Amino acid sequence: MKNGDGYFEDEEFREMLEDYERTVKAGLPVFMDADDLADIADYYQEEGRYDDAQMAVDRALELQPDSVVALNYKIHNAIDQGDFDSAEGFLDRIIDRDLPEYTYCRAEIWIAQDEVEKADEYLRREFEECPPEESQDFVLDVVNLYTDYGYSEKAMEWMMRARQENTEDFKELMGRTLFGLGKYDDSERIFNELLDRNPFQKRYWNALASTQFMKEDYSGSVTSSEYAIAIDPDDAEGLLAKANGLFRLENFEEALEYYKRYSEKEPDDEFGLLHQGTCLINLGRNGDAVERLLKAESIAPDDSPYLVEIYQELGFAYSELKMPETALYYIDQTEVLECDHVDMLVVKGHILLANGKMKEAEKMFRQAVRQSDNSPRTLMRINVSIYDNHYVEAAYKMFVSFFDFVGDDFDEGYSYMALCCHDLKRDDEFLKYLQEACRRNPQEARLVLAHLFPEGMKPEGYYDYMVKGLKK
């Protein structure tokens with residue numbers, strides 16, 4: 001299909017779309033090229049008009065039952081639905097098995113079912129038969145395929161077969177592949193180079209925002225997303241990137257507004273509503289949070305990766321509303337989901353403790369410790385819960401015992417212990433644990449202790465800053 005950047009805004013496409021819609025509205029037979037109908041279906045898909053999309057592609061197949069473009073659409077739609085039998089059926093209707101579309105669809109059906117080695121062996125065989133003048137396009141198409149499905153190591157294996165090019169498409173694909181491999185510095189460099197060439201490409205700004213977000217440069221990520229939004233104020237990806245960056249910067253009020261704007265563009269995505277709810281909890285507006293979270297639950301599919309988080313946030317919101325039974329009801333909904341069930345026991349203990357049910361909380365914490373076989377991380381989460389519920393002296397004593405239990409090799413929890421000592425005005429111990437926290441686990445130190453220091457200060461500067469402050 002020809003639905004590249006701007007194609008759907010092209011005058012020729014708009015005229016074709018208007019002709020099609022007039023014909024359909026009049027109830028007349030549609031006589032159009034099957035490929036054009038598939039483009040119209042793709043447009044409707046992008047607009048969220050899924051029934052109209054299916055109708056257009058079905059008309060394309062009525063006019064031309066072996067239309068490769070229309071069958072390609074049907075195959076991908078079936079893959080998205082997890083209906084691999086239908087995907088195989090549509091694939092069998094492609095007559096010319098030598099077409100690249102057949103090859104890629106054949107491999108993608110297997111990849112979507114996690115049969116990656118089977119797909120890769122097939123693609124290698126096809127590559128060996130590929131004419132030299134077509135080999136570069138073949139390789140790059142395979143890289144795109146693996147990148148789309150998150151198989152970044154496979155993508156890089158194929159990328160190494162490609163001839164190096166100085167084109168924007170090649171560099172973008174390399175940037176995406178490096179991003180998938182977690183090489184964020186290299187990916188960031190490539191997208192900055194692309195933006196030097198083409199500063200008005202919102203896709204590059206969004207990709208740059210993603211690399212900066214993964215590097216925890218949240219301010220930079222917000223700035224990059226703002227460029228994407230300036231280019232296209234309705235760009236859902238840019239709105240979400242800015243919301244996520246603001247959230248990590250704990251600017252919950254502004255993050256909430258951008259999550260709202262994202263949800264207006266993507267009303268069927270529970271992610272935006274979930275994070276609206278989380279922002280509202282952080283703003284103390286728990287009643288409003290419940291409303292958004294219940295809506296997120298109502299639209300989330302049964303296999304949503306966000307259901308556990310939705311139920312957990314509902315638990316926290318109802319707990320803050322002093323409705324512990326309802327809070328526990330929603331945490332119980334996670335029992336049939338794939339998640340860390342021991343962690344959910346800790347959450348239940350936290351809710352009970354927050355609502356003054358100390359004996360019940362202790363029982364729940366003991367159950368979590370027992371089921372985790374005395375896991376250090378479970379013990380630490382319990383200690384943090386005790387601190388968060390303002391039992392600071394108790395948390396301090398438990399951390400003392402905790403560090404004796406886990407030994408010197410365990411690098412988590414020192415920031416929380418530093419916080420306990422800070423609150424209890426144990427200055428010497430505070431400095432000791434602060435120094436250990438920044439040395440052992442600067443990421444945890446930034447997450448837990450950043451509010452004690454000037455904005456933007458890195459953990460390596462925390463200790464000296466605090467030593468000078470305590471001497472005054």
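Treat the numbers as computed from the prediction; the structure is a model and nothing was measured.
We find the CD-CG distance between Glu250 and Asn282 to be 7.5 Å, quoted to the nearest 0.5 Å. Of the inter-residue distances, the one linking Arg163 atom CZ with Arg161 atom CZ reads 15.5 Å to the nearest 0.5 angstrom. Within the model, atoms CG of Leu123 and NZ of Lys154 stand 9.5 Å from one another, a figure rounded to the nearest 0.5 Å. Note that the CG atom of Leu447 and the CZ atom of Arg248 stand 8.5 Å from one another [nearest 0.5 Å].
Without hydrogens or angle criteria, Glu320 side chain to Ile281 main chain gives no donor-acceptor distance under 3.5 Å. Of the possible polar contacts, none joining the Thr334 side chain to the Tyr330 backbone as a donor-acceptor pair under 3.5 Å is found. Checking side-chain atoms of Gln45 against main-chain N and O of Ala53 turns up no donor-acceptor pair under 3.5 Å. Checked by atom type and distance alone, the side chain of Asn355 pairs as donor or acceptor with a backbone atom of Ile351 at under 3.5 Å. Listed for the Ser319 side chain is no donor-acceptor partner under 3.5 Å among the backbone atoms of Pro324. Side chain of Arg261 to main chain of Pro233: a donor-acceptor pair is present (N/O by atom type, distance under 3.5 Å, no hydrogens or angles). Between the Ser187 side chain and the Tyr184 main chain, no donor and acceptor come within less than 3.5 Å of each other. Put simply, the side chain of Gln113 gets close to the backbone of Ile109: a donor and an acceptor are under 3.5 Å apart. Of the possible donor and acceptor atoms, one in the side chain of Thr278 sits under 3.5 Å from a partner among the backbone N and O of Leu274. Ser304 places no side-chain N or O within donor-acceptor distance of the main-chain N or O of Pro301, the cut-off being under 3.5 Å.
Counting only N and O atoms by type, the side chains of Asn72 and Tyr104 include no donor and acceptor under 3.5 Å apart. A donor-acceptor pair shorter than 3.5 Å cannot be found between the side chains of Tyr146 and Glu157. Tyr204 and Asp196 form no side-chain donor-acceptor contact under 3.5 Å, judged by distance and modelled atom types alone. In summary, the side chains of Asn198 and Arg203 do not present any donor paired with an acceptor at a separation below 3.5 Å, with no hydrogens or angles considered. A donor and an acceptor atom, one from each side chain of Gln136 and Glu165, are located under 3.5 Å apart. Side-chain atoms of Gln201 and Glu172 form no donor-acceptor pair, as typed in the model, at a separation below 3.5 Å.
Counting heavy atoms of neighbouring residues, nucleotides and ligands inside a 6.0 Å radius, atom NZ of Lys363 does not exceed 12 of them. For Lys432, the NZ atom counts as loosely surrounded, since its 6.0 Å shell holds 12 or fewer non-hydrogen atoms of other residues, nucleotides or ligands. Heavy atoms of other residues, nucleotides or ligands lying less than 6.0 angstrom from NZ of Lys215 number more than 12. By the 6.0 Å contact criterion, NE2 on His341 is enclosed, its count of non-hydrogen atoms from other residues, nucleotides or ligands being greater than 12. Surrounding NZ of Lys295 are at most 12 heavy atoms belonging to other residues, nucleotides or ligands under 6.0 Å away.
No side-chain heavy atom of Leu345 sits under 4.5 Å from any side-chain heavy atom of Thr378. Between Phe403 and Tyr414, some side-chain heavy-atom pair lies under the 4.5 Å cut-off. Here the side chains of Asn244 and Tyr259 are in contact, with some heavy-atom distance below 4.5 Å. For the pair Ile79/Phe84, a side-chain contact is recorded, criterion being any heavy-atom separation below 4.5 Å from C-beta on. Taking the side chain as every heavy atom from C-beta outward, Arg285 and Leu256 approach each other to under 4.5 Å. Counting heavy atoms from C-beta outward, Phe399 and Val384 have side chains that approach closer than 4.5 Å. Considering only heavy atoms from C-beta on, Tyr391 comes within 4.5 Å of Met358 through its side chain. Glu237 is not listed as a side-chain neighbour of Trp205, based on a closest heavy-atom distance of 4.5 Å or more.
Residues Trp158 and Val139 share a closest heavy-atom pair of O-CG1, 3.0 Å. Across every non-hydrogen atom of Leu208 and Asn192, the tightest pair is CD2-OD1, 3.6 Å. Heavy atoms only, all atoms of each residue included: Tyr462 and Arg446 are closest at OH-CA, 3.7 Å. In terms of heavy atoms, Ala228 sits closest to Gly238 at CB-CA, 4.5 Å. The minimum heavy-atom distance between Phe402 and Asn383, with the atom names listed, is CB-ND2, 3.6 Å. Nearest approach of Ala445 to Pro459, heavy atoms of both residues: CB-CB, 4.4 Å.
Exactly one of Glu188, Gln212, Lys242 qualifies for a side-chain hydrogen bond (donor to acceptor under 3.5 Å, both in side chains) with Ser224. That residue is Gln212. Test Phe213, Phe271, Phe252 against Phe247 for ring pair (Phe, Tyr, Trp, His ring centres under 6.0 Å) and you get one pass: Phe252.
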Test log, rule salt bridge (charged side-chain N to carboxylate O under 4.0 Å, His left out), inputs Arg439 and Asp411: CA-CA 9 Å; Arg439 179 178 69 84; Asp411 289 338; over 6 Å; no
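Taking 4.0 Å as the cut-off between side-chain N and carboxylate O, Asp388 and Arg381 do not count as a salt-bridged pair.
Arg426 forms a cation-pi arrangement with Tyr396, by the criterion of a distance under 6.0 Å to the ring centre and an angle within 45° of the ring axis.
Checked against a 6.0 Å centroid threshold, the rings of Tyr387 and Tyr416 do not count as neighbours.
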